[in-house]
Number of protein chains: 2
Amino acid sequence: MNKININFIAKLRTSGLRPTKQRLKICDILFNREKTFHFSINDLTKILEIEHNEKISLATVYNTVHAFKKKGYLKEIHIGNEMSYFDTNTSSHHHFYDEQTKELTDISSNEVEIKKIPSPPSGKKIDGAEVIFKISKKI
Amino acid sequence: MNKININFIAKLRTSGLRPTKQRLKICDILFNREKTFHFSINDLTKILEIEHNEKISLATVYNTVHAFKKKGYLKEIHIGNEMSYFDTNTSSHHHFYDEQTKELTDISSNEVEIKKIPSPPSGKKIDGAEVIFKISKKI
DNA sequence: ATATAGTTTAGAATTATTATAAAGTATGAA
DNA sequence: TTCATACTTTATAATAATTCTAAACTATAT
């Protein structure tokens, strides 16, 4: 039980989530990283099983990830044709998406500037913009 | 068998797709429209069954839509958390996405201008950019 | 300690999509 | 025309991602 885990315990408690050992383990995997992390539920389950030798029920992995998303600790991304991806970088940012490798890379918000913004449909307001730059191998 | 259908027959033939009655019916629904059309396989199946009283096998609807996509007559879009959506507007363009109603609206390419473009990862080239403007009801 | 509300779990259910393999059909050649 | 053949359609089964369910478990406040 290190300092980092104590922080997670506090973080979860203030969010109204009980700091169970499953949630703490998942926190450890997701948030003890230098770089932001893009993952699917399947990725996370594999990491838990193989790298950490933890057998957390699949339903719990879903529950936890969705709880973290609801609390704003994760962001859900929908790109590509497959399943849901989650991103530990919850700030507004953009992505490179490699259609060949299906790989996602973050682009920080200040690297993109949208000059001309369309006016929203009447009665609607724009909450944000996300750009996906499709990339492929240079030939 | 009107003029429009004859055009579809020619179009399909030149694509190497046989103009079957199922494909022609789907062409009629998708492409005889003023505005571009965003739909899921489920939407299209419902339209076929209810509005046109056609019972085309679900597998055929999938096959046809994917064949049309491969030929470049449809574009697949991945936004929101659900299933695949297809767009009859295959030109490069952007979207408004209403997170409350899950509704998609087209934005033509010339209404958006990206000023600052990030440099792609090494060895990769940028093929295109798509912007999703998230909108919600004005309060 | 203990009651209670929040959590985890295995397994079933649901939903979207793809695969299969048999029956049907468009097409070009004879 | 007729016929062979390759392409299509179809119902059904299979797969895959996700959600539901209800019973067992556990953190927490009293």
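Chain identifiers are assigned alphabetically (A, B, ...) following the order of the sequence lines, protein sequences preceding nucleic acid strands; residue numbering begins at 1 within each chain. Since the model is a prediction, treat every value here as computed from it, not as a measurement.
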Check: When you check the phosphate oxygens OP1 and OP2 of D/dT10, does a side-chain N or O of B/Q22 lie under 4.0 Å from one of them?
Finding: yes
Next item on the list: For B/K124 and B/P120, work out which heavy atoms get closest and say how close.
Entry: O-CG, 3.4 Å
Note to self: In whole Å, I'd like the distance from the NZ atom of B/K21 to the P atom of C/dA26.
What the structure shows: 8 Å
Check: Does a side-chain N or O from A/R23 land closer than 4.0 Å to OP1 or OP2 of C/dT8, or not?
Finding: yes
Margin query: Using the rule given for side-chain contact (heavy atoms from CB on, under 4.5 Å), can you reason through A/H95 versus A/I77, listing the C-alpha separation, both sets of side-chain angles and the distance that settles it, and then say yes or no?
Written below: CA-CA 10 Å; A/H95 291 98; A/I77 307 168; 3.7 Å; yes
Notebook entry, point to check: Counting side-chain heavy atoms from CB outward, which of C/dA16, D/dA11, C/dT9 is closest to B/Y62?
Noted result: C/dA16
Note to self: Using OP1 and OP2 only, check whether a side-chain N or O of B/R18 sits under 4.0 Å from D/dA6.
What the structure shows: no
Next item on the list: Can you tell me the distance, in whole Å, between the CZ atom of B/F86 and the P atom of C/dT17?
Entry: 7 Å
Item checked: DNA chain D: 5'-proximal contact among A/N42 and B/I56 (nearest heavy atom) -> B/I56
Margin query: Measure NZ/A/K55 against P/D/dC25 and give the value in whole Å, please.
Written below: 16 Å
Notebook entry, point to check: To the nearest angstrom, how far is B/L48 atom CG from D/dT10 atom P?
Noted result: 10 Å
Item checked: Length of the CG-P vector between B/N63 and C/dA19, whole Å -> 10 Å
Check: For the pair made of CG in A/L58 and P in C/dA12, what is the distance, rounded to whole Å?
Finding: 15 Å
Notebook entry, point to check: At under 4.0 Å, does any side-chain N or O of B/H66 touch on OP1 or OP2 of C/dT17?
Noted result: no
Check: Which pairs with one or both residues in residues 8-26 of chain A pass side-chain hydrogen bond (donor to acceptor under 3.5 Å, both in side chains), sequence neighbours excluded?
Finding: A/S15-A/Y73, A/K25-A/H52
Item checked: Whole-Å gap separating C1' (C/dT27) and CD1 (B/I9) -> 14 Å
Next item on the list: Tell me which nucleotide among C/dT27, D/dA11, D/dT18 gets nearest to the side chain of B/R13.
Entry: C/dT27
Margin query: On the nucleotide D/dC7, are OP1 or OP2 found under 4.0 Å from the side-chain N or O atoms that B/T20 carries?
Written below: no
Next item on the list: Answer yes if the side chains of B/N110 and B/S108 hold a donor-acceptor pair under 3.5 Å, and no otherwise.
Entry: yes
Notebook entry, point to check: Which of the following nucleotides, D/dA11, C/dT9, D/dT28, is nearest to the side chain of B/A59?
Noted result: D/dA11
Next item on the list: Quickly work out the A/L24 CG to C/dT7 P distance and round it to whole Å.
Entry: 12 Å
Note to self: I'd like to know if A/E49 and A/K55 make a salt bridge, using a cut-off of under 4.0 Å between side-chain N and carboxylate O.
What the structure shows: no
Next item on the list: May I ask you to evaluate whether B/T60 reaches the phosphate of D/dT10, defined as a side-chain N or O under 4.0 Å from OP1 or OP2?
Entry: yes
